Asker: 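Below: one structure in structure tokens.
The structure displayed is predicted, hence computed values, not measured ones. In what follows, every heavy atom counts, from backbone to side chain, and hydrogens, waters and symmetry copies are set aside.
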Amino acid sequence: MADDDDEGGFGGLYEDGHWVWDESTEALVFISDLPPQPVEAVHIPIKAPTGTVEFRDDVDLIEQDVKDIALYTAPVNILSPVLINILHLPTTERFIRALVLCCQYYLQIADEMANRIIELETKVRTPQCEVLEGEFRDNLSDLRLLVAKEYSAMLIGGGDMKKFHHMGPQKKRRSLSDKDARLFETLLRMCVQIVWLALGRKSFNQIELEVNRIFKSEIFNAVEHNLHTDYINKMVKEERAVLLGRCLRHDKKLNTRSPLMNEVFCHRDIDYRLMGLGVIKCAVMTPRLHYMKEAVSGPEERLRELGIVLGIIGMHRSSFDTMLKPLPTASEGKSKASVSSRSQSYASKSSVSSTMRKSQMTAHKIYPDIVLPSRESRITSVPPSFPDEPEEIRPCSETQRRRWQARLMKLLHPYGR
């Protein structure tokens, strides 16, 4: 029987190999069938560089950079070899990028709806308001569906997640459901941190509340139970309709489904091609589908070129410090210097200046808003046969995975085994 506390329980200790009889020791010996791990070679130049040395300054931030900061700052007690392996899989990378896109658009629309509700005090709602808010709602539903697609593949052990299934790769072992729950709970917490970093270290509580709501439902949202914000009940009817969507299913507590699964089984017009974005090739792609596919699985270096916004991912690395905190721009530095130089002569207006500076800081955005291409007026009907040609999957950084595994071993065993 597998030990629930053994981190290697998901893959199985003796699954990738065979047994042979050793005549010298007169015992069975396990021989691994896996190829030997390559040794990372470090090449040192023979001669020291002389003259002018120029370094590149046009390197873009990639998802791995954000994951590295999250892993570096994470407490050791939540890290494990299995978690590091999962974080360096293509399915998980698509899942994280879909979650970043979904949370970024959610925060953007939440701000937009808050402003619209304030404007209703002096304006009258028109039929165009319903059309625009319906577009916001459908966009959020489609982005939640992208997250649900990847998360479902992770839960059922599809593709590269096969060996991490709680019943083993062949789904024949005793279920390790408790261990599986702990693993995914930790993974979810890591993903919240990654999303927060990718979105410029802003609105952490809002991100954490929404992520836990869509994965666990309102009833089982542990973050809301701890914070007691009651943010959903504080929403007006129009806000709730847009931010929560139409795919809500109110059932008995034991039959509650998460909002993500409600999106999958929702009775609304859904483009079936959304279910295979980044995994299955589609012959015909609309601008909307192309935007989502590149955001979820395209190379980060092309995001700016294609006008796709994914938080700070794809932005120039020179705009951020080592911990991915935004660096002040030259214009901001000049404005701060000019304000400080005039502070003594305008002492009586200090409170007004403070308010103005706060509003300017709030208005300043690290990255632009997401502008999703509009949906087609007519949803493509389901074809008689679905495409099955796989997309070219971008590999994750194997070098970084090995480095984080080695660092974790040093942290867990600082004095050796």
Asker: Over all heavy atoms of both residues, which pair between Pro90 and Ile393 is shortest? Give the atoms and the distance, please.
Answerer: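 Scanning both residues completely, I find the closest heavy atoms to be CB-CG2, 3.4 Å.
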
Asker: Identify the heavy atoms of Leu83 and Met190 that sit nearest to each other, and give their distance.
Answerer: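 Closest approach of Leu83 to Met190: CD2-CG, 4.0 Å.
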
Asker: Using atom types as modelled and distance alone, determine if a side-chain donor or acceptor of Ser397 lies under 3.5 Å from a backbone N or O of Gln400.
Answerer: yes

Asker: Would Asn85 and Gln405 count as a side-chain hydrogen bond (donor to acceptor under 3.5 Å, both in side chains) if you check the C-alpha gap in whole Å, the side-chain angles of each, and the deciding distance to 0.1 Å?
Answerer: CA-CA 8 Å; Asn85 288 338; Gln405 291 285 16; 2.7 Å; yes

Asker: Under the ring-ring contact (aromatic ring centres under 6.0 Å, His included) rule, collect the residues that match up with Phe220, sequence neighbours excluded.
Answerer: none

Asker: Apply side chain to side chain contact (heavy atoms under 4.5 Å, CB included) to the pair Leu303 and Asp60, showing each step before the final yes or no.
Answerer: CA-CA 10 Å; Leu303 294 179; Asp60 294 333; over 6 Å; no

Asker: Between Arg268 and Asp142, does any side-chain N to carboxylate O distance fall below 4.0 Å?
Answerer: yes

Asker: Give the minimum heavy-atom separation between Tyr291 and Val371, together with the two atoms involved.
Answerer: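 For Tyr291 and Val371, the tightest heavy-atom pair comes out as CE1-O, 3.9 Å.
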
Asker: Quick one: do Glu133 and Arg246 make a salt bridge, cutoff under 4.0 Å?
Answerer: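 Here Glu133 does not pair with Arg246 in a salt bridge, since their nearest N and O are not under 4.0 Å apart.
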
Asker: Compare all side-chain heavy atoms of Leu87 with those of Ile96 and state whether any distance is below 4.5 angstrom.
Answerer: yes

Asker: Is any side-chain heavy atom of Leu248 closer than 4.5 Å to one of Asn262?
Answerer: no

Asker: More than 12 foreign heavy atoms under 6.0 Å from NE2 of His267: is that the case here?
Answerer: no

Asker: If you look at every heavy atom in Ile370 and Gln108, which pair is closest and at what distance?
Answerer: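 Taking Ile370 first and Gln108 second, the nearest heavy atoms are N-OE1, 2.7 Å.
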
Asker: Return the CH2 to CZ distance between Trp196 and Arg201, rounded to the nearest 0.5 Å.
Answerer: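 Answer rounded to 0.5 Å: 4.5 Å.
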
Asker: Which is it for Tyr272 and Phe386 under the ring-ring contact (aromatic ring centres under 6.0 Å, His included) test, yes or no, and what are the steps along the way?
Answerer: CA-CA 9 Å; Tyr272 74 93; Phe386 291 102; 5.7 Å; yes

Asker: Under 3.5 Å, side chain of Lys234 to main-chain N/O of Thr229, donor-acceptor pair present?
Answerer: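 A pair under 3.5 Å: yes.
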
Asker: Tell me, please, which residues at least two apart from Pro390 pass side chain to side chain contact (heavy atoms under 4.5 Å, CB included).
Answerer: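 Scan of Pro390 (side chain to side chain contact (heavy atoms under 4.5 Å, CB included), adjacent residues dropped) gives none.
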
Asker: Return yes if some donor-acceptor pair links the side-chain N/O of Arg137 with the main-chain N/O of Ala241 below 3.5 Å, else return no.
Answerer: no

Asker: To check you understand the geometry: which heavy-atom pair defines the closest contact between Glu301 and Ile62, and what is its length?
Answerer: OE2-CG2, 3.9 Å

Asker: Assess, by modelled atom type and distance only, whether the side chains of Glu391 and Ser297 contain a donor and an acceptor separated by less than 3.5 Å.
Answerer: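 No, no side-chain donor-acceptor contact under 3.5 Å.
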
Asker: Once side-chain hydrogen bond (donor to acceptor under 3.5 Å, both in side chains) is applied, do any residues pair with His18, and if so which ones, sequence neighbours excluded?
Answerer: Asp33

Asker: Would you list the pairs meeting disulfide (SG to SG under 2.5 Å) in which at least one residue belongs to residues 177-238, sequence neighbours left out?
Answerer: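 Non-adjacent pairs meeting disulfide (SG to SG under 2.5 Å): zero.
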
Asker: How long is the gap from SG on Cys102 to CZ on Arg144, to the nearest 0.5 Å?
Answerer: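 Nearest 0.5 Å value for the SG-CZ distance: 6.5 Å.
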
Asker: Any ion pair linking Glu185 and Lys216 (charged N to carboxylate O, less than 4.0 Å)?
Answerer: yes

Asker: Are Asp388 and Lys281 side-chain neighbours, meaning at least one heavy-atom pair lies under 4.5 Å?
Answerer: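 Sidechains of Lys281 and Asp388: no contact.
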
Asker: Measuring from Thr186:OG1 to Ile78:CD1, what's the distance to the nearest 0.5 Å?
Answerer: 6.0 Å

Asker: Could you state the interatomic distance from CG (Leu199) to CD1 (Ile207), rounded to the nearest 0.5 Å?
Answerer: 4.5 Å

Asker: So, Glu93 versus His88: side-chain donor-acceptor pair below 3.5 Å or not?
Answerer: no

Asker: To check you understand the geometry: which heavy-atom pair defines the closest contact between Arg304 and Met315, and what is its length?
Answerer: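 That closest heavy-atom pairing would be CD-CA, 3.9 Å.
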
Asker: By disulfide bond (SG atoms under 2.5 Å apart), which residues pair with Cys247, not counting sequence neighbours?
Answerer: Cys266

Asker: Got Leu99 and Val192 here, is their nearest side-chain heavy-atom distance under 4.5 Å?
Answerer: no

Asker: Going from NZ on Lys67 to CG on Leu197, what distance comes out if it is rounded to the nearest 0.5 angstrom?
Answerer: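 Reported value, rounded in 0.5 Å steps: 13.0 Å.
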
Asker: Does Arg407 form a side chain to side chain contact (heavy atoms under 4.5 Å, CB included) with Tyr72? I'd like the steps, not just the answer.
Answerer: CA-CA 10 Å; Arg407 182 178 185 272; Tyr72 181 76; 3.6 Å; yes

Asker: For a 4.5 angstrom cut-off between non-hydrogen side-chain atoms, does Leu310 reach Val100?
Answerer: yes

Asker: Using a strict 4.0 Å threshold on nitrogen-to-oxygen distance, state whether Glu398 and Arg401 make a salt bridge.
Answerer: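 Here Glu398 pairs with Arg401 in a salt bridge, since their nearest N and O are under 4.0 Å apart.
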
Asker: Is the shortest distance from a Lys or Arg side-chain nitrogen in Arg213 or Glu210 to a carboxylate oxygen in the other one below 4.0 Å?
Answerer: yes

Asker: For His316 and Leu61: C-alpha separation, side-chain torsions, deciding distance, then whether side chain to side chain contact (heavy atoms under 4.5 Å, CB included) applies.
Answerer: CA-CA 6 Å; His316 288 319; Leu61 280 170; over 6 Å; no

Asker: Is there a side-chain contact between Val279 and Lys149, using heavy atoms and a 4.5 Å cut-off?
Answerer: yes

Asker: Apply side-chain hydrogen bond (donor to acceptor under 3.5 Å, both in side chains) to Ser319 and list each qualifying residue two or more places apart in sequence or on a separate chain.
Answerer: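 Counting only residues at least two positions away or on another chain, Ser319 forms no side-chain hydrogen bond (donor to acceptor under 3.5 Å, both in side chains).
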
Asker: Apply side-chain hydrogen bond (donor to acceptor under 3.5 Å, both in side chains) to the pair Glu224 and Asn212, showing each step before the final yes or no.
Answerer: CA-CA 9 Å; Glu224 169 60 23; Asn212 278 269; over 6 Å; no

Asker: Taking Glu300 first and then Arg394, would you say they form a salt bridge - that is, a charged N and a carboxylate O separated by under 4.0 Å?
Answerer: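 Counted as a salt bridge, because a side-chain N and a carboxylate O are separated by less than 4.0 Å.
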
Asker: Evaluate the side-chain proximity of Val211 to Val195: yes if any heavy-atom separation is below 4.5 Å, no if none is.
Answerer: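 Not touching, per the 4.5 Å side-chain cut-off.
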
Asker: Side-chain donor-acceptor pair under 3.5 Å between Asn139 and Arg288, yes or no?
Answerer: yes

Asker: Is there side-chain contact between Thr286 and Arg273, with at least one heavy-atom pair below 4.5 Å?
Answerer: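 Touching, per the 4.5 Å side-chain cut-off.
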
Asker: Between Arg375 and Glu135 (salt bridge meaning N to carboxylate O under 4.0 Å), is one present in this structure?
Answerer: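 Salt bridge between Arg375 and Glu135, a charged N being under 4.0 Å from a carboxylate O: no.
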
Asker: Is there a side chain to side chain contact (heavy atoms under 4.5 Å, CB included) between Phe184 and Phe215 once you walk through the steps?
Answerer: CA-CA 11 Å; Phe184 275 90; Phe215 281 93; over 6 Å; no

Asker: Mind checking the CG-CZ spacing from Leu324 to Arg317? Nearest 0.5 Å is all I need.
Answerer: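 The CZ atom of Arg317 is 8.5 Å from CG of Leu324, to the nearest 0.5 Å.
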
Asker: Would you say the side-chain atoms of Arg116 pair up with the backbone N or O of Glu239, donor to acceptor, closer than 3.5 Å?
Answerer: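 Flag not set: sc Arg116 to bb Glu239 has no pair under 3.5 Å.
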
